Amino acid sequence: MEIKIVVRRGEAGYFVTRVPALKGCWSQGNTRDEAVENAKEAAALWLEVEQEKRTRELPSASEIVAVQI
């Protein structure tokens with residue numbers, strides 16, 4: 001999967017990253033390379049959490065009732 005990461009230098013000298021496609025997915029690092037690697041990890045974790053949320057939202061088999069109308 002390819003995803004775009006925005007990298008900017010923060011006020012304190014470190015690098016801040018943002019993943020625009022993943023709302024609220026931010027990271028940082030002491031170097032640009034470290035920030036990009038941290039952003040990759042943050043994006044992977046963001047996607048994992050979203051997948052878990054969607055799985056929890058699906059009804060279980062015991063909640064599904066088939067009826068004939």
Side-chain angles (χ1 to χ4, degrees):
M1 169 187 271
E2 184 174 289
I3 195 159
K4 292 184 185 207
I5 298 171
V6 177
V7 182
R8 293 196 174 135
R9 188 175 284 278
E11 292 179 19
Y14 52 88
F15 291 84
V16 178
T17 61
R18 177 173 63 93
V19 183
L22 307 176
K23 185 177 180 178
C25 186
W26 292 79
S27 191
Q28 65 184 28
N30 291 321
T31 66
R32 186 180 191 284
D33 289 341
E34 181 182 350
V36 169
E37 287 303 312
N38 290 344
K40 288 181 194 178
E41 183 179 348
L45 291 170
W46 190 99
L47 291 168
E48 183 181 317
V49 168
E50 280 302 306
Q51 182 63 40
E52 288 175 7
K53 284 198 289 192
R54 290 172 193 225
T55 302
R56 281 194 306 259
E57 291 171 2
L58 295 175
S60 69
S62 65
E63 296 172 327
I64 300 171
V65 178
V67 297
Q68 192 169 16
I69 54 171

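What you see is a predicted model; the values in this text were computed from it and never measured.
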Minimum-distance pair of heavy atoms, taken over all atoms of G29 and A35: N-CB, 3.7 Å

Distance-minimising heavy-atom pair for K4 and P20: O-CD, 3.5 Å

Nonpolar side-chain network containing V16, other nodes, edges under 4.5 Å: Y14, W26

Members sharing L47's hydrophobic cluster (side chains within less than 4.5 Å): M1, I3, I5, V7, F15, V19, L22, V36, W46

Pairs involving residues 12-32, ordered by first then second residue, that meet salt bridge (Lys or Arg N to Asp or Glu O under 4.0 Å) (sequence neighbours left out): none

Qualifying residues under side chain to side chain contact (heavy atoms under 4.5 Å, CB included), relative to E48, sequence neighbours excluded: L45, E52

For E37, all residues meeting side chain to side chain contact (heavy atoms under 4.5 Å, CB included), sequence neighbours excluded: K40

Test salt bridge (charged side-chain N to carboxylate O under 4.0 Å, His left out) applied to E50 - qualifying residues, sequence neighbours left out: K53

